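Have a look at the structure below, then the notes.
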2 protein chains.
Amino acid sequence: MNSQTLPVSKRVLIVEDHPIVSDSLSRMITETFGDTICVHAATGAKGLSYLNGNHFDIILLDINLPDMSGIDFCSQAKSRFPGLQVLVVTSLAQRHIIDRAVQAGVKGFVLKTSDIKDITEGIRQVMAGNSYFGTGVRNLMEGHSVSGTSEPVITRRESEILRLIADGLTNQEIADRLYISSSTVDSHRKNLLVKFNSKNTAALVKTAISKGII
Amino acid sequence: MNSQTLPVSKRVLIVEDHPIVSDSLSRMITETFGDTICVHAATGAKGLSYLNGNHFDIILLDINLPDMSGIDFCSQAKSRFPGLQVLVVTSLAQRHIIDRAVQAGVKGFVLKTSDIKDITEGIRQVMAGNSYFGTGVRNLMEGHSVSGTSEPVITRRESEILRLIADGLTNQEIADRLYISSSTVDSHRKNLLVKFNSKNTAALVKTAISKGII
DNA sequence: TTAAAAATCCCCGAAAAAGGGGAGCCCTCT
DNA sequence: AGAGGGCTCCCCTTTTTCGGGGATTTTTAA
């Protein structure tokens, strides 16, 4: 049973592990929107626990959290409370992160390198139910939307083997660990090279890490 | 003592590409130390240019800058103005970064994950001419002398070749580019494997990236 | 000035990866 | 029922890396 039509102050959940940033966000919100209740969570786990039984008008979410990714946080939060309005506030200006965040159900995405007005505008829009993507973000989304520069689609098995390759295991060692033939591992390895457009293992590992897959 | 007894306002240079953070730092400083003059630089180049002809009592410095590393900024700044008091305020809690920063001449190092009191204490100490290392930082520094987990010492040539390896070049290709024999590249490669305690190229690239060398 | 460190080059053989091909099995989705 | 994707496995050859030595010259620093 909700108590509606009461002039209650807005409730904001800030999931951010840098006190200096969450502090600044709280001030910005209070100055811009008047009386608000800002709850601060330094970890994803705490943030999720605060969601239980409490209503929040907006969640400001960092991607780099100590215990989990902000993407995972959003997925879990939205699966339990689909109506949540989430605005990502992060320093990571990478295409694949934006893509994943959108897929996880965020309503907005702004960068910490952005002007403060850009961030407050994001908060305003998302709180109003609209989606909002900051200046630096829109460029990234438009630029490579169609081109093949985006993240390659790899299967579960391939990503499993990719991690083992990056850990320095040979085809035979991976085969022994996964109870398959080294020929199979070799096939996966070759597919990975093609999918990542890499010439050899070294380049494969580097690009996989840079794209956030490892 | 109150702020009226202060002879002149302190001058602070904040080199930090996140407006939300530099804004918060400015507020913290003003609230804690009374009237101060905070100059804000979003890039290392701008920060260096502000140093010319201006005196600053303290520099608050981020490591992740758009145009250069905070380490490089500090080296360049200290070479021109040796008396500068630099406090690093960053989110990077890695040993090798702290080591390099100290070597570059910073007087203090605090983490953005730290409590705000910790950061203001760092500012206070460094401004007074003392050195200060925040809570999370001291822990990282202690494990230094004993553990062999720290960053391997590699030479200039080795790091040059390491980057080319990570880019997917073979020994022969690297040899052609550097005008040396592929045997030489092979020697460097073997030394890198030993120094990084890596079994093969894949593991080498991964650990090199994780240690921030690439 | 002299010793250490770095950079250069070479040998060998064994192991692994890369490049190319083909093929069967299982599951899902239409 | 057929198509496609994912996973599995195998063949071949060539290239590259890895492991293990050794050796010379150039820098660098004490």
Side-chain angles (χ1 to χ4, degrees), chain A residues 103 148 150-211 213-214, chain B residues 75 79 96 99-100 102-105 148 150-211 213-214:
Chain A
Q103 210 168 359
S150 65
E151 185 179 346
V153 181
I154 63 171
T155 67
R156 211 171 293 158
R157 198 57 152 177
E158 282 165 352
S159 95
E160 189 178 12
I161 285 170
L162 178 55
R163 280 166 221 279
L164 295 173
I165 289 173
D167 284 337
L169 278 69
T170 66
N171 288 342
Q172 189 57 57
E173 288 167 341
I174 295 171
D176 293 343
R177 183 174 297 198
L178 300 182
Y179 304 108
I180 56 179
S181 159
S182 67
S183 308
T184 306
V185 180
D186 193 51
S187 295
H188 287 304
R189 186 182 215 115
K190 286 170 182 170
N191 286 333
L192 285 166
L193 288 175
V194 172
K195 286 189 177 180
F196 281 82
N197 197 29
S198 297
K199 195 189 159 193
N200 55 32
T201 306
L204 173 67
V205 171
K206 188 192 171 194
T207 58
I209 292 175
S210 74
K211 289 183 184 293
I213 288 154
I214 294 182
Chain B
S75 301
S79 72
H96 62 97
D99 288 346
R100 288 184 190 171
V102 170
Q103 209 167 358
S150 66
E151 182 181 349
V153 181
I154 62 170
T155 67
R156 209 171 294 158
R157 198 57 152 175
E158 282 166 353
S159 92
E160 189 178 10
I161 286 171
L162 178 54
R163 280 165 222 280
L164 296 173
I165 288 173
D167 284 336
L169 278 70
T170 67
N171 288 342
Q172 189 57 55
E173 289 167 340
I174 295 170
D176 292 343
R177 182 172 300 200
L178 300 182
Y179 304 106
I180 57 178
S181 160
S182 66
S183 308
T184 307
V185 181
D186 192 52
S187 295
H188 287 305
R189 186 182 215 116
K190 286 170 182 171
N191 287 333
L192 285 165
L193 288 176
V194 172
K195 286 189 178 180
F196 281 82
N197 196 28
S198 296
K199 194 187 159 195
N200 55 33
T201 306
L204 173 67
V205 171
K206 187 193 171 192
T207 58
I209 292 175
S210 74
K211 288 183 184 293
I213 289 154
I214 294 182

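As the structure is a prediction and not an experimental result, all values here were calculated from the model. Computation of the quantities below employed the complete heavy-atom set of this structure, encompassing side-chain atoms and omitting hydrogens, waters and symmetry-equivalent molecules. Residue numbering restarts at 1 for every chain, and letters A, B, ... go by the order of the sequence lines.
- Summarising the geometry, the separation between CG on Asn191(A) and C1' on dG19(C) is reported as 13 Å, rounded to the nearest angstrom.
- Using a 4.0 Å heavy-atom distance criterion, Thr184(A) is classed as a base contact.
- Nearest-nucleotide mapping onto DNA chain C: of Leu193(A) and His188(B), the residue sitting toward the 5' end is His188(B).
- Interface remark: the Thr155(A) side chain does not form any donor-acceptor pair with the dC7(D) base, using a distance-only criterion of under 3.5 Å.
- Comparing Lys190(B) and Arg156(B) by the nucleotide of DNA chain C that holds the closest heavy atom to each, the one mapping nearer the 5' end is Arg156(B).
- Straight-line distance from the CD1 atom of Ile154(A) to the C1' atom of dC7(D): 15 Å, rounded to whole Å.
- Closest to the Ser181(A) side chain, of the nucleotides dC7(D), dC10(D), dC9(C), is dC10(D).
- Between the CD1 atom of Ile174(A) and the C1' atom of dA15(C) there is a distance of 15 Å, given to the nearest Å.
- Distance Asn171(B) CG to dA17(C) P: 15 Å, rounded to the nearest Å.
- Side-chain proximity of Arg157(B) to dT17(D), dA7(C), dA18(C): nearest is dA7(C).
- The separation between Ile180(B) atom CD1 and dA6(C) atom P is 16 Å, rounded to whole Å.
- Counting any heavy atom pair closer than 4.0 Å across all strands shown, Lys199(B) reaches sugar-phosphate atoms only and no base atom.
- Residues Arg163(B) and Asp167(B) are not paired through a salt bridge, judged by the lack of any N-O separation under 4.0 Å between the basic side chain and the carboxylate.
- Rounded to whole Å, the distance from CG on Leu204(A) to P on dA17(C) is 12 Å.
- With Glu158(B) as the partner, the side-chain hydrogen bond (donor to acceptor under 3.5 Å, both in side chains) test is satisfied by one option alone out of His188(B), Arg189(B), Lys195(B): Lys195(B).
- For Thr170(A), counting side-chain heavy atoms from C-beta on, the closest listed nucleotide (dA17(C), dC9(D), dC18(D)) is dA17(C).
- The shortest heavy-atom contact between Ser75(B) and Ala104(B) is OG-CB, 3.5 Å.
- Residue Ser183(B) is in base contact, counting any heavy-atom pair closer than 4.0 Å across all strands shown.
- Set against dT8(D), dA18(C), dC10(C), the side chain of Ser187(B) has dC10(C) as its closest nucleotide.
- Atom P of nucleotide dA14(C) and atom CG of Asn200(B) are separated by 20 Å, given to the nearest angstrom.
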- Query: Step by step, would you call Gln172(B) with Asp176(B) a side chain to side chain donor-acceptor pair (under 3.5 Å)?
  - Reply: CA-CA 6 Å; Gln172(B) 189 57 55; Asp176(B) 292 343; 3.1 Å; yes
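- Rounded to whole angstrom, the span from the CG atom of Leu178(A) across to the C1' atom of dC9(D) amounts to 15 Å.
- For the pair Arg189(B) and dT17(D), the criterion of a side-chain N or O lying under 4.0 Å from OP1 or OP2 is met.
- Of all non-hydrogen atoms in Gly168(B) and Ala203(A), the two that sit nearest each other are CA-CB, 3.7 Å.
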